[in-house]
Amino acid sequence: MIVVVKPNVSDERQNQLIDWLKGMGLGVHISIGEFSTVLGLIGDTTKVDTDLIASLDIVDSVKRVSETFKQCNRKFHPEDSIITIPTAHIKAAENKDGIKIGGGNFAMMAGPCSVESEDQIVNIAKAVKASGANLLRGGAFKPRTSPYDFQGLKAEGIELLKIAREETGLPIVTEIMNLRDLPLFDDVDVLQVGARNMQNFDLLKELGKTNKPILLKRGLANTLKELLMSAEYIMSEGNENVILCERGIRTYSDYTRNTLDLSAVPMLHELSHLPVIVDPSHATGIARLVSPMACAAAACGTDGLIIEVHNDPIHALCDGAQSLRPEDFDVVCKKVQKIREALA
Ligand code: PEP
Ligand code: MN
């Protein structure tokens with residue numbers, strides 16, 4: 001249920017209302033907008049008398065929210081959420097105020113599928129930064145379909161990402177597959193929950209107890225509602241720093257690895273206030289399709305992109321076929337920039 005408070009109501013009267021609602025055993029999510037304050041009521045609202053609340057002189061309107069997702073719902077928070085990835089702890093960071101995503105702030109995450117060596121990750125990090133990336137991606141723990149394939153450098157991979165972060169100032173994004181690894185991610189800037197773990201509810205709940213930005217990727221066969229319910233698992237534990245990611249879903253299309261569901265971007269923006277980014281690399285599985293899909297994502301309002309870049313794709317230990325060479329990534333960045341400017 002949401003309660004819209006009239007403009008210019010004093011803090012004192014607003015707090016009285018909030019205390020009264022909390023007294024009914026409800027959680028109250030407060031969203032202060034430019035023109036009005038929206039109170040999102042969480043919990044069992046079946047016994048709440050909407051007419052009584054609506055009759056209060058400081059209340060503008062009361063609406064029941066029928067969707068099962070509440071905290072990520074745009075009705076609870078009408079303005080876009082802007083998520084800040086802190087950078088104050090990164091010595092080499094150019095901007096110590098953090099990297100912002102959402103509400104017009106664009107994130108370009110780029111890097112290899114997997115961290116393979118110090119040289120590899122540092123060189124790629126420098127190249128993608130020079131092209132305009134503001135976050136460095138790289139897998140340390142890799143979810144592979146075959147147990148015989150490269151599984152990632154694990155803890156060592158995270159250490160190498162930190163070296164690349166210090167060399168370039170770029171915050172790092174890497175995937176957590178298992179709760180028991182959480183202590184290793186203390187110093188990671190954005191924790192990625194991969195497609196295969198989108199409904200690992202124990203993992204989501206535990207990440208909800210941290211204050212880390214979480215990049216939540218859509219599962220291979222999950223609906224948008226399920227994606228939003230997974231975001232809700234994180235947010236209901238107190239962590240509101242969730243970035244949604246469309247990375248392609250399984251369909252019967254046969255020439256691409258997945259099908260990029262681009263309509264997810266405007267639809268998620270309609271349903272939720274959370275930033276939405278697009279992964280054209282895993283969506284297509286084919287390097288030459290990354291540029292057109294990245295451009296299309298920019299055209300439909302994505303808040304960012306996550307793109308796989310490798311200095312030697314043919315010898316990459318994972319996902320070489322979809323990885324761009326740094327010079328091709330540079331061209332993509334320029335095209336995306338032009339599209340964003342044209343739409344601004
Ligand atoms: C990845 O980003 O390298 C990855 C494994 O992505 P996804 O979970 O979307 O397959
Ligand atoms: Mn990959």
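Read the numbers this way: they start at 1 and go in the same order the structure lists the ligands and their atoms. The analysis underlying the following values was restricted to heavy atoms, covering all of them including side chains, and did not include hydrogens, waters or symmetry mates.
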Test your reading of the model: is there a side-chain donor-acceptor pair from [X] to the backbone of [Y], 3.5 Å cut-off?
| X | Y | value |
| --- | --- | --- |
| T87 | N95 | yes |
| K212 | V188 | yes |
| N123 | N311 | no |
| R218 | N222 | yes |

Shortest protein contact, [atom] (heavy atom only):
| atom | answer |
| --- | --- |
| atom 4 (C) of ligand 1 | H282 NE2, 3.5 Å |
| atom 2 (O) of ligand 1 | R137 NH1, 2.7 Å |
| atom 5 (C) of ligand 1 | E175 OE1, 3.8 Å |
| atom 6 (O) of ligand 1 | K217 NZ, 2.9 Å |

For ligand 1, find out whether one of its N or O atoms is nearer than 3.5 Å to an N or O atom of [X].
| X | answer |
| --- | --- |
| A195 | yes |
| D279 | no |
| K142 | yes |
| R196 | yes |

Can you tell me the N, O or S atom of [X] that's nearest the Mn ion (ligand 2)?
| X | answer |
| --- | --- |
| H282 | NE2 |
| D319 | OD2 |
| E308 | OE2 |

Query raised in the report: Is R165 paired with D189 through a side-chain N to carboxylate O contact shorter than 4.0 Å?
Result: yes
Requested in this report: Using the six-membered ring wherever Trp is involved, compare the ring planes of H29 and F76 and label them parallel, tilted or perpendicular (cut-offs 30° and 60°).
Outcome: tilted
Considering the heavy atoms of [X], write down every atom of ligand 1 situated less than 4.0 Å from one of them.
| X | result |
| --- | --- |
| E308 | 3 (O) |
| R247 | 7 (P), 9 (O), 10 (O) |
| G194 | 8 (O) |

Query - V38 versus K75, closest heavy-atom pair with distance - result: CG1-O, 3.7 Å
Query raised in the report: Of all the heavy atoms in R218, does at least one lie under 4.0 Å from an atom in ligand 1?
Result: no
Query raised in the report: Linking I/L/V/M/F/W/Y whenever any side-chain heavy atoms sit under 4.5 Å apart, do L136 and I85 land together?
Result: no
Query raised in the report: Between the Mn ion (ligand 2) and C318, is there an N, O or S atom separated by less than 2.8 Å?
Result: no
Query raised in the report: Is any side-chain heavy atom of R74 closer than 4.5 Å to a side-chain heavy atom of D80?
Result: yes
Query raised in the report: Under 4.5 Å between any side-chain heavy atoms of D261 and R247, yes or no?
Result: no
